[in-house]
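One structure follows; several queries about it will come next.
One-based numbering, in listed order, for ligands and for the atoms of each.
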Amino acid sequence: DFASENHRPLHGRHVLVTAGPTHEPIDPVRYIANRSSGKQGFAIAAAAAAAGAQVTLISGPVHLDTPPGVERYDVESAAEMLDAVESALPADVAIMVAAVADWRAADRADSKIKKDGSGQVAPLPLAVNPDILSSVAASPARPRLLIGFAAETEHVVSHAQAKRLRKGADWIVANDVSGDVMGGDSNTVHLVTAEGVEDWPAMPKDKVAAALVERIAAHCMKDDA
Ligand code: CTP
Ligand code: CA
């Protein structure tokens with residue numbers, strides 16, 4: 001009915017969220033990672049579930065509780081995250097909030113790499129990780145609404161506009177991380193779409209999540225009509 005549609009505007013939709021960092025093993029005790037608390041992605045998963053969506057949350061290593069009503073899968077590396085995302089499709093909406101490591105060690109050592117005593121550093125060959133957002137954008141199971149995040153320290157909006165086109169996302173939430181955002185509870189974002197750019201005021205991460213979910217619900221309704 002009308003009242004419940006208003007309260008649960010994403011009822012009947014499957015929303016896929018990636019969150020947190022990925023860890024790319026170098027050896028059994030070391031890894032390469034991006035800085036990410038996972039808070040923004042978890043807040044979005046929580047807001048989507050509160051809006052009535054069926055939510056699948058694919059999370060890298062974080063120290064956060066699973067939000068109520070959210071189905072969570074934990075992964076370590078970008079390769080594992082890509083597998084989990086592909087298994088979770090199809091979805092009506094995907095929001096890729098994870099700070100995926102761009103590179104991994106080309107060869108993972110099976111035992112701990114030891115210093116050789118020479119004072120020199122052995123080279124660490126890297127390989128480029130798969131781009132999960134681009135790969136979902138190109139997939140036959142591409143969600144109707146595909147949203148990426150972009151953490152930028154400078155030229156925030158222009159970098160995000162370029163990323164939107166390069167990666168085939170519908171929207172990019174551009175996150176200004178030049179201040180003290182990492183691990184904090186507040187975010188300053190710009191919503192970059194084909195229609196233009198909206199500058200949102202600095203808000204707590206749960207308010208950013210609620211505002212984004214509201215925009216997603218409005219878009220889905222328009223899409224149906
Ligand atoms: N992303 C992804 N897979 C990757 C890298 C990034 O899915 N291997 C997604 C992120 O989850 C995010 C978006 O792509 O939604 C933008 O990530 P970002 O790191 O800003 O983009 P990059 O193309 O890696 O650009 P940069 O060189 O600025 O790191
Ligand atoms: Ca990156």
- What residue and atom, counting heavy atoms only, is the protein's closest point to atom 3 (N) of ligand 1, and at what distance? I132 N, 3.0 Å
- Query: With a cut-off of 4.0 Å, which atoms of ligand 1 are near a heavy atom of G148?
  - Reply: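 Counting atoms of ligand 1 from 1, those under 4.0 Å from G148 are 15 (O).
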- Message: Could you work out, for atom 28 (O) of ligand 1, the closest of H159, E152, K163 by heavy-atom distance?
- Response: K163
- Note on the structure: Restricting to heavy atoms, the pick from P130, S36, A78, A162 nearest atom 8 (N) of ligand 1 would be P130
- Item | T22 side-chain N/O to G60 backbone N/O, donor-acceptor pair under 3.5 Å |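 Checking the backbone N and O of G60 against the side chain of T22, no donor-acceptor pair under 3.5 Å is found.
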- Hey, can you tell me if H23 and Y31 have their rings parallel, tilted or perpendicular (30° and 60° cut-offs)? parallel
- Item | Option whose closest heavy atom lies nearest to atom 11 (O) of ligand 1, chosen from S135, A169, A98, A150 |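 Looking at heavy atoms only, the winner is A98.
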- Message: How far is atom 7 (O) of ligand 1 from the closest protein heavy atom, and which atom is that?
- Response: L133 N, 2.8 Å
- Flag for H14-D92: side-chain donor and acceptor within less than 3.5 Å: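 No, no side-chain donor-acceptor pair sits under 3.5 Å.
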- Message: Can you see whether D176 engages S178 through a side-chain donor-acceptor pair at a distance of less than 3.5 angstrom?
- Response: yes
- Looking only at protein heavy atoms, what sits closest to atom 29 (O) of ligand 1 is D102 OD2, 3.3 Å
- Looking only at protein heavy atoms, what sits closest to atom 16 (C) of ligand 1 is F149 O, 2.9 Å
- Message: In the structure I gave you, are the side-chain heavy atoms of E76 and E24 within less than 4.5 Å of one another anywhere?
- Response: no
- Item | K167 and D131 ion-paired at < 4.0 Å |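 D131 and K167: salt-bridged.
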- Return the option from R166, M96, K167 holding the heavy atom at the smallest distance from atom 1 (N) of ligand 1.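 Looking at heavy atoms only, K167 sits closest to atom 1 (N) of ligand 1.
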- Query: Taking atom types as modelled, is there a side-chain donor on E152 or N175 under 3.5 Å from an acceptor on the other?
  - Reply: no
